[in-house]
Amino acid sequence: MARTTPHEPAPSDDRPLYGRIAALLLDELRDGTIPPGERLPGERHLAAHFQVSRETVRQALEVLRRGGMVATDRRGSHAALPAPPVGAQGTPAFPLGARPADPSTVDRATVTWEAPPPEHAQALGLAPLRPTLVHRYRASTPDGRSLRTALTSFSAVALAEVAELARYRGRADGATPAQLRRAYDWMRKAGLCLHHRDSISQLDGASSVRVTRRVHDQYARPLEITDLVVDAERDALVYEFTLPAAG
């Protein structure tokens with residue numbers, strides 16, 4: 001039996017093509033691949049992602065707008081569904097500490113499909129120069145001073161096992177906003193047990209500290225590596241966990 005990829009409509013589906021594309025896009029909204037409030041990729045990008053015409057994309061978006069699942073304003077179209085519940089308690093934020101307490105902090109996060117830094121490739125078991133999904137995060141003050149930056153690279157295992165992450169390859173242009181705050185939830189939903197190892201080091205000649213997180217699964221397969229750099233004079237790392245009571 002032929003298999004379809006996450007962005008290909010099932011050939012036996014008798015709905016109009018725009019209806020099938022609307023359903024596929026709705027799946028991404030519901031599972032958090034496109035989080036609530038996040039701007040959707042442009043029509044041209046969606047057309048290439050789903051391998052359909054821009055007119056089909058326009059019709060699909062209109063279906064979702066009528067259903068209240070997509071809203072359009074001067075910022076463009078964005079997801080309007082409520083946030084899905086977190087799958088389990090006790091999971092650190094992604095990337096580590098990526099939610100500054102100061103409400104005025106400006107966040108920017110994007111993904112690209114590129115060769116990761118050599119040390120990331122080695123840690124993930126990737127061949128040199130082999131591309132993968134790379135996530136970049138930056139938090140800054142309103143006047144542009146950097147508070148923290150993070151670079152995360154995902155392994156081939158993570159992309160093969162976690163459908164929500166694999167879908168980001170089609171959006172990995174370095175320009176489309178991409179908040180992956182539910183990445184660890186998606187990994188657990190895929191049946192992966194996550195082991196986190198965080199190491200903290202002081203950067204030579206600077207006030208910043210570096211946190212390197214490595215995550216592997218129950219089979220010791222590497223899933224992702226994150227390097228987070230924090231300006232210790234302007235920002236602070238806060239580790240917060242909520243664990244359920246025993247029994």
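Of all heavy-atom pairs spanning Leu64 and Ala22, the tightest one is CD2-O, 3.8 Å. Among all heavy-atom pairs drawn from Leu126 and Pro116, the shortest one is CD1-CG, 4.0 Å. Heavy atoms only, all atoms of each residue included: Arg130 and Ala156 are closest at NH2-CB, 3.7 Å. Nearest heavy atoms, Ala123 versus Pro222: O-CB, 3.6 Å. Across all their heavy atoms, Gly174 and Thr112 have their closest contact at CA-CG2, 3.4 Å.
In this structure, the side chains of His120 and Asp227 come closer than 4.5 Å at one or more pairs of heavy atoms. Side-chain contact between Met69 and Leu26: present, with at least one pair of heavy atoms (C-beta onward) separated by less than 4.5 Å. The closest side-chain heavy-atom distance from Arg221 to Leu192 is below 4.5 Å. Counting heavy atoms from C-beta outward, Asp185 and Phe94 have side chains that stay 4.5 Å or more apart. In this structure, Leu46 and Ile21 have side chains that are not in contact, with every pair of non-hydrogen atoms separated by 4.5 Å or more. Looking only at side-chain heavy atoms (C-beta outward), Thr56 and Phe50 stay at 4.5 Å or farther from each other. Side-chain contact between Pro95 and His135 is present, with heavy atoms from C-beta onward closer than 4.5 Å.
Trp113 and Val134 end up in different hydrophobic clusters when Ile, Leu, Val, Met, Phe, Trp and Tyr side chains are linked at under 4.5 Å. At a threshold of 4.5 Å between side-chain heavy atoms, the hydrophobic network of Ile, Leu, Val, Met, Phe, Trp and Tyr places Val157 and Tyr168 in one connected group. No continuous path of hydrophobic side-chain contacts links Val57 to Val63 [ILVMFWY only; heavy atoms under 4.5 Å]. Val211 and Leu151 fall into different hydrophobic clusters, defined by Ile, Leu, Val, Met, Phe, Trp and Tyr side-chain heavy atoms under 4.5 Å apart, directly or through other members. Both Tyr184 and Trp186 are assigned to one and the same hydrophobic cluster, defined by single-linkage of ILVMFWY side chains at heavy-atom distances under 4.5 Å.
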* Asked: For Tyr137 and Thr226, what are the C-alpha separation, side-chain angles and deciding distance, and is it a side chain to side chain contact (heavy atoms under 4.5 Å, CB included)?
  -> CA-CA 10 Å; Tyr137 168 83; Thr226 295; over 6 Å; no
* **Worked verdict on Arg182 versus Glu164 for side chain to side chain contact (heavy atoms under 4.5 Å, CB included)** => CA-CA 10 Å; Arg182 295 184 59 83; Glu164 294 86 352; over 6 Å; no
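A salt bridge links Arg58 with Glu55: the closest approach of a Lys/Arg side-chain nitrogen to an acidic carboxylate oxygen falls below 4.0 angstrom.
Rounding to the nearest 0.5 Å places CG of Leu165 at 5.0 Å from CE of Met187. For the atom pair CG of Leu228 and OG1 of Thr149, the computed distance is 7.0 Å after rounding to the nearest 0.5 Å. The SG atom of Cys193 sits 8.0 Å away from atom CG of Asp217, with the distance rounded to the nearest 0.5 Å. The line from NE2 of His216 to OH of Tyr219 is 12.5 Å long, rounded to the nearest 0.5 Å. Remark: Ile225 CD1 to Leu124 CG distance equals 6.0 Å, nearest 0.5 Å. Distance check: Leu133 CG to Leu180 CG gives 7.0 Å after rounding to the nearest 0.5 Å.
Between the side chain of Thr132 and the backbone N or O of Phe154, at least one donor-acceptor pair lies under 3.5 Å. Between the side chain of Gln218 and the backbone N or O of Gly191, at least one donor-acceptor pair lies under 3.5 Å.
With Asp107 as reference, Arg181 is the one residue of Arg181, Arg136, Arg138 to meet the salt bridge (Lys or Arg N to Asp or Glu O under 4.0 Å) rule.
Counting heavy atoms of neighbouring residues, nucleotides and ligands inside a 6.0 Å radius, atom CD of Gln122 does not exceed 12 of them.
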